[in-house]
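A quick write-up on the structure given underneath.
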Amino acid sequence: MKHFLSTSDWTKSELQEILDFATTLKNDPFQPLLKNKSIAMLFFNPSSRTRTSFEVGINELSGTAIILQPGKDAWPIEFEDNIVMDGSAEEHVKEVAKVLASYCDCIAIRAFPVFKDWQRDKTDLVINSFAKYSSVPVVNMETIEHPCQELAHILTLQEHFGDLRGKNYLLTWTYHPKPLNTAVANSSLMIASKFGMNVTMLCPSKEYYLDEKYIQAATDNCKKEGSEFNISHNIEKAYSEKDIVYAKSWGCLSSYGQPEIQMASNNTHKNFIVDSHKMSLTKSGVFSHCLPLRRNIKATDEVMDSDYCLAIKEAANRKHVQKSLLTKIL
Ligand code: CP
């Protein structure tokens, strides 16, 4: 049994197998590969794409998807060990994981950080607790990483470029009116470097650096692949000669849990929006984003409506890669 918590636990060739079978499924979508299989999907946070793409994809493979929202339509869950449960939680993950595993063949989890203490959030307690106590595979539908988005991102880029080795890839921070999860940015660094691209991370200052774990992963992957990783605070230089621009806003780890301080800083960096002038500096580059995206905040209408915007294709590929993933792990 193998969980899908992070692409860092999977080799590039294992991931490529998932991507290749996703292409097969894209051309031949309706196959009974999950017949008599049930997947419990627990959403601790909202979702449009993840929920829809998993649910439709599971149906297309003749499986059954069960959606639960703990604290809303399902009992709230406790994750701390050795605790007197006199708060809002009605049951412990030890029971929830074991019970769901007795009914279902897979448990998929979306559980964002709580944005108070990064040292605590980075332990990814919710999904790791399910992985610890579940006897069936656990799939990450976005926690502090978003590995399903990574698969869709790479499939979309491979469809556009073919081999990605040596391509020049930019992850750019963008402004957003509230501090957001670092998950997609963390994932972007890990997967772009794993697939052999030269990776640049553009952000306003050192305060916006992602966690050392992801900087180190990008550094190590690039070294292994013979490519380059660098961090830039210079917008014009960072966009120059890029083949791919991937945009994401994320909250500063240096003022994590202090949204007023984060926003005072973010408000001085609205110029990080992706616009057609910046894209004109690239090597006729493509643009993408995981979505949802606030237009004319993170990227302009002109960029979002351009032929070089791959965001819709990337979102559509979520369904195919997740069907392939579930088939592989089940
Ligand atoms: N990209 C993504 O995961 O979208 P949702 O938050 O809508 O699921």
Side-chain angles (χ1 to χ4, degrees), residues 4-7 15 18-19 22 26 39-60 65-73 106-115 121 124 126-127 138-157 159 171-174 176-192 210 214 244-251 274 286-295 297-299 303-304 309-326:
F4 188 70
L5 306 180
S6 169
T7 55
L15 297 175
I18 296 172
L19 296 171
K26 195 167 175 173
I39 294 96
M41 300 166 63
L42 274 66
F43 285 93
F44 292 83
N45 307 93
S47 166
S48 299
R49 277 145 291 271
T50 303
R51 178 174 170 170
T52 311
S53 57
F54 264 102
E55 200 167 351
V56 171
I58 291 164
N59 284 337
E60 287 180 359
I66 297 98
I67 310 283
L68 297 169
Q69 300 176 87
K72 291 186 182 164
D73 58 13
C106 177
I107 301 174
I109 305 285
R110 167 164 286 200
F112 292 172
V114 290
F115 298 107
D121 279 348
D124 228 354
V126 172
I127 197 161
V138 171
V139 169
N140 186 340
M141 298 193 296
E142 191 174 355
T143 60
I144 58 168
E145 297 174 22
H146 200 348
C148 294
Q149 192 74 47
E150 291 177 50
L151 293 175
H153 185 44
I154 290 298
L155 179 61
T156 310
L157 294 180
E159 286 173 344
L171 166 66
T172 177
W173 178 90
T174 65
H176 187 274
K178 63 179 184 183
L180 297 183
N181 196 356
T182 56
V184 172
N186 297 335
S187 279
S188 156
L189 289 190
M190 288 199 300
I191 204 69
L210 294 166
Y214 300 105
I244 297 135
V245 175
Y246 201 46
K248 186 71 186 78
S249 187
W250 63 85
V274 183
V286 297
F287 167 79
S288 198
H289 187 278
C290 62
L291 305 178
L293 175 141
R294 294 188 189 217
R295 280 175 173 242
I297 296 284
K298 289 176 170 173
V303 169
M304 290 306 293
C309 177
L310 303 182
I312 301 296
K313 287 181 180 164
E314 181 170 324
N317 277 334
R318 289 286 304 277
K319 184 179 74 169
H320 310 300
V321 296
Q322 290 157 189
K323 287 168 71 177
S324 175
L325 169 70
L326 290 175

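Start at 1 and go down the list; that is how both ligands and their atoms are numbered. One is the number of the first residue; the rest follow in order along the sequence.
Heavy-atom minimum distance, Ser187 versus Pro147: OG-N, 4.1 Å. Here the closest heavy-atom approach between residue Val321 and residue Ile18 is recorded as O-CG2, 3.9 Å.
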Which pairs of donor and acceptor atoms, one on a side chain in residues 41-48, lie under 3.5 Å apart (sequence neighbours left out)?
{"unit_1": "Asn45", "atom_1": "OD1", "unit_2": "Phe112", "atom_2": "N", "d": "2.7"}
{"unit_1": "Ser47", "atom_1": "OG", "unit_2": "Thr50", "atom_2": "N", "d": "3.2"}
{"unit_1": "Ser47", "atom_1": "OG", "unit_2": "Arg51", "atom_2": "N", "d": "3.0"}

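For Phe4, the ring-ring contact (aromatic ring centres under 6.0 Å, His included) partners at least two apart in sequence or on another chain are Trp10. Arg294 is linked by a side-chain contact (heavy atoms from CB on, under 4.5 Å) to His176, Pro177, Ile297, counting only residues two or more places apart in sequence or in another chain.
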Give me the pairs of N or O atoms, one from ligand 1 and one from the protein, that sit under 3.5 Å apart.
{"unit_1": "ligand 1", "atom_1": "1 (N)", "unit_2": "Gln149", "atom_2": "OE1", "d": "2.9"}
{"unit_1": "ligand 1", "atom_1": "1 (N)", "unit_2": "Cys290", "atom_2": "O", "d": "3.1"}
{"unit_1": "ligand 1", "atom_1": "1 (N)", "unit_2": "Leu291", "atom_2": "O", "d": "2.9"}
{"unit_1": "ligand 1", "atom_1": "3 (O)", "unit_2": "Thr50", "atom_2": "OG1", "d": "3.0"}
{"unit_1": "ligand 1", "atom_1": "3 (O)", "unit_2": "Arg110", "atom_2": "NH2", "d": "2.9"}
{"unit_1": "ligand 1", "atom_1": "3 (O)", "unit_2": "His146", "atom_2": "NE2", "d": "2.8"}
{"unit_1": "ligand 1", "atom_1": "3 (O)", "unit_2": "Arg318", "atom_2": "NH1", "d": "3.2"}
{"unit_1": "ligand 1", "atom_1": "4 (O)", "unit_2": "Arg49", "atom_2": "NE", "d": "2.9"}
{"unit_1": "ligand 1", "atom_1": "6 (O)", "unit_2": "Arg110", "atom_2": "NH1", "d": "2.8"}
{"unit_1": "ligand 1", "atom_1": "7 (O)", "unit_2": "Ser48", "atom_2": "N", "d": "2.8"}
{"unit_1": "ligand 1", "atom_1": "7 (O)", "unit_2": "Arg49", "atom_2": "N", "d": "2.9"}
{"unit_1": "ligand 1", "atom_1": "7 (O)", "unit_2": "Arg49", "atom_2": "NE", "d": "3.1"}
{"unit_1": "ligand 1", "atom_1": "7 (O)", "unit_2": "Arg49", "atom_2": "NH2", "d": "3.0"}
{"unit_1": "ligand 1", "atom_1": "8 (O)", "unit_2": "Ser47", "atom_2": "OG", "d": "2.7"}
{"unit_1": "ligand 1", "atom_1": "8 (O)", "unit_2": "Thr50", "atom_2": "N", "d": "2.9"}
{"unit_1": "ligand 1", "atom_1": "8 (O)", "unit_2": "Thr50", "atom_2": "OG1", "d": "2.6"}
{"unit_1": "ligand 1", "atom_1": "8 (O)", "unit_2": "Arg110", "atom_2": "NH1", "d": "3.4"}
{"unit_1": "ligand 1", "atom_1": "8 (O)", "unit_2": "Arg110", "atom_2": "NH2", "d": "3.2"}

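Between Trp173 and Trp250, the angle of the ring planes goes over 60°, which puts this pair in the perpendicular group of the 30/60° scheme.
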